[in-house]
Amino acid sequence: MATAQYIKKDGIIIIGAGLCGSLLGIRLAQRGYEVHIYESRPDMRKAKIDGGRSINLALSDRGIKALELIGMQHVVERDGIPLYGRMIHPAEGEATYMPYSGRSGEAIHSISRGGLNKSLLEETEKYPNIHLYFNQRCVDVNFDEHNIRFENGKGGEQYTLECERILATDGAGSAVRRAMMRHTTEKRFNFSQDFLTHGYKELSIPAADEKGNFRIEKNALHIWPRGTQMLIALPNLGGSFTVTLFQDFEGPDGFNALNTPEKIHSFFDKYYPSAKANMPDLVNDFLTNPSANLGTIKCYPWQINHFSLLMGDAAHAIVPFYGQGMNCAFEDVCVLDDLMDQNGDNWVEIFDRFQENRKPDGDAIADLAVDNFYEMRTSTTSLLFQRKKALETKMEQAGLPYFSKYALVTFRPDLKYREALVRGRLQDDFLLEYCKTVTDINQVDYVQLQADVEAYIKTALQKSEIY
Ligand SMILES: Cc1cc2nc3c(=O)[nH]c(=O)nc-3n(C[C@H](O)[C@H](O)[C@H](O)COP(=O)(O)OP(=O)(O)OC[C@H]3O[C@@H](n4cnc5c(N)ncnc54)[C@H](O)[C@@H]3O)c2cc1C
């Protein structure tokens, strides 16, 4: 093993140059730190992204706030496609459009995951104090002696680096978190991993023509809800859509059973004929692309010995149904940045405050994301849900200070996720009960309704200790 090298006192090691790590690196460099980012994969500025597939994500206000922090908000308009609502494709009948909000201009943005990561890495080139090391996999961390072991290339030589502190943004399968677990007895490290029985598979709808026209509505997130499963589609620049099937692994229609072209055809003919009509590469995509797991990872503490801190998916990996994983990881950087404003170079305070402040929000968005799984695959087709949504849209259109649960999570970066969860769930409880008594939503006095919702929330909060 090569001798340990020492990273200078004002240097910080970031593990993982994914979405969170590269944005974090830029912010720390802007604050004057020497930043060393170690990434296990090859440099995506040179290598092909996602094996040639187009994988996109929904970027929303919390993520945009972090991009603004580092001066990269221009990528939203340049590389994103605004989505103003959901297009629901029922099993029978016409598709219906549900706006995300009654206020004009509130949208989420479909953006290429690899493209965004690449843009962030390109941005690092502006900072001479950012040093990137690719094909370097973190394999262990010694929290007492403040050093990290890396492997140079797959199966390559291992070496050790000493440093003052590391920020671990190495994703849901975090090696740093695994090393923290090995420290478990002394530090009482808690860890839970909850898989859904469902997994996901990425498929595609190609562009309508060479001019890059779209085959289905461009500015909407398409959902084909089918009770125990669903299909969604988000647009890409160039006219294609990334389609994701969320389905159980087991059972007669499960991923494991859909293993021949005939079975895939008959499954899509049965559940998703309107989508299938636009998926000429369906069978090849289905048989070639992997079916991947979906799960929630919670852990605590997020820091050990004020030497290493988990951020992004390494600290809180969530299921993708609120489109918030990356947004939450980006927001982590804003929270850390605020703490640096308040505490200067006092990293003991910064690490402690970060985990205390942020853990309830990580848990909240994890729980909200699971809620939304059930809402998207079933409730979007229920009449009660549709009536509630229509009422909420009317209140928002009327200019009232009302935000649906979705809007609180997605368009209110000034609110913590935990506050959005508490308020959003109370609003939903009230409105779902109220909707059972409403026959014509046009007869509703929205000003009064909004006041009643507020009063209900106030009473509920006074009665309980949920805040
Ligand atoms: C199907 C799906 C859809 C999603 N849709 C959305 C969405 O619409 N909106 C949204 O906000 N989020 C979405 N997400 C979540 C989002 O992808 C993640 O939350 C986000 O990528 C987290 O960023 P990160 O930087 O923490 O982790 P990652 O992006 O996973 O980056 C981790 C980096 O660390 C590197 N690394 C890993 N191990 C090591 C090691 N040992 N040593 C060195 N480097 C290492 C990896 O190569 C990678 O580059 C979705 C996720 C999935 C699975």
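Whatever order the structure lists them in is the order used to number ligands and atoms, beginning at 1.
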Atom 13 (C) of ligand 1 [closest protein heavy-atom partner, distance rounded to 0.1 Å]: L57 CD2, 3.4 Å
Heavy-atom nearest neighbour of atom 33 (C) of ligand 1 within options G63, G18, S40, A179: G18
Plane angle bin for F143 and F307 - parallel if under 30°, tilted between 30 and 60°, otherwise perpendicular: perpendicular
Verdict with reasoning, F246 to H198, per ring-ring contact (aromatic ring centres under 6.0 Å, His included): CA-CA 6 Å; F246 296 98; H198 284 59; 8.5 Å; no
Close side-chain approach of I13 and Y38, heavy atoms under 4.5 Å: yes
F286 six-ring centre to K201 NZ/CZ under 6.0 Å and within 45° of normal: yes
With F321, the ring-ring contact (aromatic ring centres under 6.0 Å, His included) member among Y200, Y406, F373: F373
Distance from atom 48 (C) of ligand 1 to nearest protein heavy atom, with residue and atom: E39 OE1, 3.5 Å
N343 side chain to L339 backbone, donor-acceptor under 3.5 Å: yes
Check: A17 N/O within less than 3.5 Å of ligand 1 N/O: no
Min N/O separation G325 to ligand 1 under 3.5 Å: yes
Name of the residue among L231, D253, T197 meeting side chain to side chain contact (heavy atoms under 4.5 Å, CB included) with Q247: D253
Which of the ligand 1 atoms, numbered from 1, are nearer than 4.0 Å to a heavy atom of T169: 32 (C), 33 (C), 34 (O)
Non-hydrogen atom of T244 closer than 4.0 Å to ligand 1: no
Aromatic ring pairing F214/F241, orientation class (parallel under 30°, perpendicular over 60°, tilted between): perpendicular
Distance-only donor-acceptor check, side chains T242 and N56, under 3.5 Å: yes
Atom indices of ligand 1 within 4.0 angstrom of G323 heavy atoms, with elements: 7 (C), 8 (O), 9 (N), 10 (C), 11 (O)
Under-4.0 Å heavy-atom contact with ligand 1, by part of I15 that carries it: side chain
Neighbour count >12 (heavy atoms, 6.0 Å) for atom CD, E77: no
Selection from E151, E202, R113 by shortest heavy-atom distance to atom 17 (O) of ligand 1: R113
Top protein contact for atom 53 (C) of ligand 1, by heavy-atom distance: Y200 OH, 3.5 Å
Aromatic plane relationship, W347 with F351 - under 30° parallel, 30 to 60° tilted, over 60° perpendicular: perpendicular
Those atoms of ligand 1 less than 4.0 Å from some heavy atom in Q324: 9 (N), 10 (C), 11 (O)
Ligand-side contact atoms (ligand 1) for residue partner R41, heavy atom cut-off under 4.0 Å: 47 (O), 48 (C), 49 (O)
Pick from M326, E331, R62: the one approaching atom 11 (O) of ligand 1 most closely through a non-hydrogen atom: M326
Ligand-side contact atoms (ligand 1) for residue partner G171, heavy atom cut-off under 4.0 Å: 27 (O), 30 (O), 32 (C)
Minimum-distance protein heavy atom relative to atom 25 (O) of ligand 1: C20 N, 2.8 Å
Atoms in ligand 1 with a heavy atom of A175 nearer than 4.0 Å: 41 (N)
R137 neighbourhood, listing ligand 1 atoms whose heavy-atom distance to it stays under 4.0 Å: 41 (N), 42 (N)
Contact atoms of ligand 1, heavy-atom distance to G312 under 4.0 Å: 26 (O)
Top protein contact for atom 41 (N) of ligand 1, by heavy-atom distance: C138 O, 3.1 Å
Identified ring-ring contact (aromatic ring centres under 6.0 Å, His included) partner of H316 from the options Y417, W302, F191: W302
Heavy atom of the protein closest to atom 52 (C) of ligand 1 (residue, atom name, distance): P320 CB, 4.0 Å
Geometric N/O contact N56 with ligand 1, under 3.5 angstrom: no
Between Q229 and R226: side-chain donor-acceptor atoms closer than 3.5 Å: no
Nearest neighbour in protein (non-hydrogen) for atom 9 (N) of ligand 1: A58 O, 3.0 Å
Atom 38 (N) of ligand 1: nearest protein contact (heavy atom, Å): D170 O, 3.6 Å
Quiz item: cation-pi between R412 and F403, 6.0 Å / 45°: yes
